[in-house]
Amino acid sequence: MATTSNAYLGSFLLAELLEAYAGLRRAPLPSGVEVQPTDRPEFGDYSSNLALLAAKGCGTPPRKLAEELVQALAKRVPPDDVRAEVAGPGFVNFFVSPHRVQEALRGVLRSGDAYGRSERGAHRKTQVEFVSSNPTGPLTVGHGRQAVLGDVLASLFSEIGYDVGREYYFNDEGNQIDLLAESLWIRYRELFGESHDIPEGGYRGEYLKDLARDVRSSLREEYRAFDDRAKALFRREAVERISATIRNDLAALGIRFDTFFSEATLHRERKVDAALVELRKHGAAYDKDGAVWLRADHVPGGKDSVLIRSDGRPTYLMVDIAYHIDKRERGFARVIDVQGADHVVEQACVKAALAALGFDPEFLSYGVHQFVSLKEGGEIQRMSTRAGRFVTLRDLVDEVGADMVRYFMISRKPEAHLDFDLDLAKSQSLDNPATYIQYAHTRICAVFRKAETENPRSLVADWNDVDISPLVEREELDLIKKLDGFPDVLETAALSFAPHLVPEFALGVARAFHGYYDRHRVLSDDEAMTRARLALLHAIGLVLRRSLGVLGMTAPEAM
RNA sequence: GCGCCCGUAGCUCAGCGGAUUAGAGCGUUGGCCUCCGGCGCCAAAGGUCACAGGUUCGAACCCUGUCGGGCGUACCA
């Protein structure tokens, strides 16, 4: 979204163009105006569609409007820096002088490790909630996608100036947990040679057998019957042990949460009852067929749903609403829930409830993602925790490494299905784009290592002060223009929930660098040139490191 | 049946609040190692942007419909 980007080269041009347009006093600014880098030299360095979009509102033919804009621009910007031209149906194409492009590189070098950060979020207290898988089994590859997505989104919002907390919401009581406890107890009894049928809806995975062995060896007495005492014990054992596993699995992926929020606290602190009182007060709840219902049909996708069952127990939805009220009470100004596509109806209902309670519609947004299928031997694998058919996230991480898992999970846009190709990730992990990006970084480090012995006089402590005017090759200027786009990528990726833009961007930088590296030698007898090129490499390395950092991937100095 | 998402090169995917000749990686073919790490570079071949209409001076992108695929459509969580 060029209209909101930071004050770098591309946005500088946009700002000037908009000023020029305002000066014409013709018509309000249309939406969708952009200044974008071009991919073809004859169209200049950047190009804008303003005249095409505004022509209708101004009652001026696009080409004529473009002419006027170009004339107005000439008065604003030194023609030595930027030359604007009309092209095609009415594009305004910008030709930027090498000097002005070099200024952009100076901006990168000046910002250093802070390059790309912004204050857009004004430190608003924000929460990203994700994974939130119930502690009934190990995390699957499917959870892995959400884990990476949520983690990277949180990083992105943090980059653009929000104060972000990562939260994991877990259900530690109720039906599912009872079934889990019973399933575990049955596996436990099997160790004594007994055999029981796992109940309908129970958990059949092998992992409970391992767990049962651990539980048995830690218990002093034998639990022969699944009575209330056994139920409480096996419930606690199951939840604690599986939660610990989940935390470990997430840690192996480099993910850490700030808070683990237990659903039980909402019940204990009567928050669920309080939420229902509020809903009734706002006319959003009504009684029917012995149950209490939420009125949600006025919200797109929403439908009236049960809040309190006729037996008096609250539904998941009811508790979910109470949970979101609690989030606001904890002081969050904005909450982002990352969830799978199977929750869309639930989401609409929660939104409807919050709207009825007078919440700002901006308070809650959902980052929805589609599912992951695992592909192995050309076969798509189906997964189900309850049936015990899945590949665990941990197995995958152990197999291909955290960097690769993170890269594959994040490089597809969230709303599209993801086929995780196990064979590719396992056997050809060197042929994947993640390696390509990391190799670019390694190569840059190698050049600096080499410079230490062969061109030590070209090295400086502060790259900020280097004379970069020797950088006039087309590849060098193109690289700088790419680096210039980084702040904009971070902002768009965050605000549009499109983190896949980051690996896309990094890949483009890596590609441009590899091409440059092959065509131009960095280290040479020309000390001024060597120093300028090292400054450029320093900036490229910086941006690659920043990109990989946001993705939670390593930027290796050697591979 | 209804709702949401997806359908772009052999494969995996970008691009999609319209705009100048549709992009990348892998794979295929052909070049490039006296030179900073060849885990690299350059080039070629490969696409009726699922299909059919519509809006527009202009559509991969917007609208309608059709056909594929996924997910929902619980007093489950």
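Quick note on labels: first sequence line is chain A, next is B, and so on, each numbered from 1. Every value quoted in this text rests on a predicted model; they were computed, and no experiment measured them.
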Quiz item: Which part of the nucleic acid does A:F371 contact within heavy-atom distance under 4.0 Å: base, sugar-phosphate only, or nothing?
Solution: sugar-phosphate
Practice problem: Return yes if the base of B:rC75 and the side-chain atoms of A:T315 contain a donor-acceptor N/O pair under 3.5 Å, otherwise no. | Solution: no
Quiz item: A:V522 near the nucleic acid: base, sugar-phosphate alone, or nothing, with a heavy-atom cut-off under 4.0 Å?
Solution: base
Practice problem: Compare the minimum distances between each of B:rC71, B:rC76, B:rC36 and the side chain of A:Q176, then state the nucleotide with the smallest one. | Solution: B:rC76
Practice problem: Please name the residue in the list A:L548, A:V400, A:I437 that meets the side chain to side chain contact (heavy atoms under 4.5 Å, CB included) test with A:Y407. | Solution: A:I437
Exercise. Identify, between A:S310 and A:S411, the residue whose nearest nucleotide on RNA chain B lies closer to the 5' end.
Key: A:S411
Using atom names, set out every protein N or O paired with an N or O of nucleotides 32-35 of chain B below 3.5 Å, distance rounded to 0.1 Å.
unit_1, atom_1, unit_2, atom_2, d
B:rC35, O2', A:R521, NH1, 2.2
B:rC35, O2', A:R521, NH2, 3.4

Quiz item: Whole-Å distance between B:rG25 P and A:H500 NE2?
Solution: 18 Å
Practice problem: Please confirm whether A:F505 and A:F486 have ring centers closer than 6.0 angstrom. | Solution: yes
Exercise. Answer yes if the ring centres of A:F261 and A:Y323 are under 6.0 angstrom apart, and no otherwise.
Key: yes
Practice problem: Would you indicate which nucleotide in B:rG38, B:rC75, B:rC41 comes nearest to any side-chain atom of A:W293? | Solution: B:rC75
Self-check item: Ring-ring centroid check A:H343 A:Y366, cutoff 6.0 Å
Solution: no
Exercise. Identify, between A:N93 and A:K303, the residue whose nearest nucleotide on RNA chain B lies closer to the 5' end.
Key: A:N93
Quiz item: Could you spell out the base pairing of RNA chain B in dot-bracket, with Watson-Crick or G-U pairs whose two distances are under 3.5 Å, [ ] crossing and | to another strand?
Solution: ((((((((.[[[[.).......]]]].(((((.......))))).....(((((.......))))))))))))....
Exercise. Could you tell me the separation between the OH atom of A:Y316 and the P atom of B:rA74, rounded to a whole number of Å?
Key: 17 Å
Quiz item: With respect to the phosphate group of B:rG23, does any side-chain polar atom (N or O) of A:R511 fall under 4.0 Å of OP1 or OP2?
Solution: no
Self-check item: Residue pair A:L501 / A:V489: nearest heavy atoms and the distance that separates them
Solution: O-CG1, 3.9 Å
Quiz item: Checking all strands, does A:Q438 fall into the base, sugar-phosphate, or nothing category for heavy-atom contacts under 4.0 angstrom?
Solution: nothing
Exercise. Sugar-phosphate means primed atoms, P, OP1 and OP2; the rest is base. With that split, encode nucleotides 1-7 of chain B 5' to 3' as B, S or - using protein heavy atoms under 4.0 Å.
Key: ----BS-
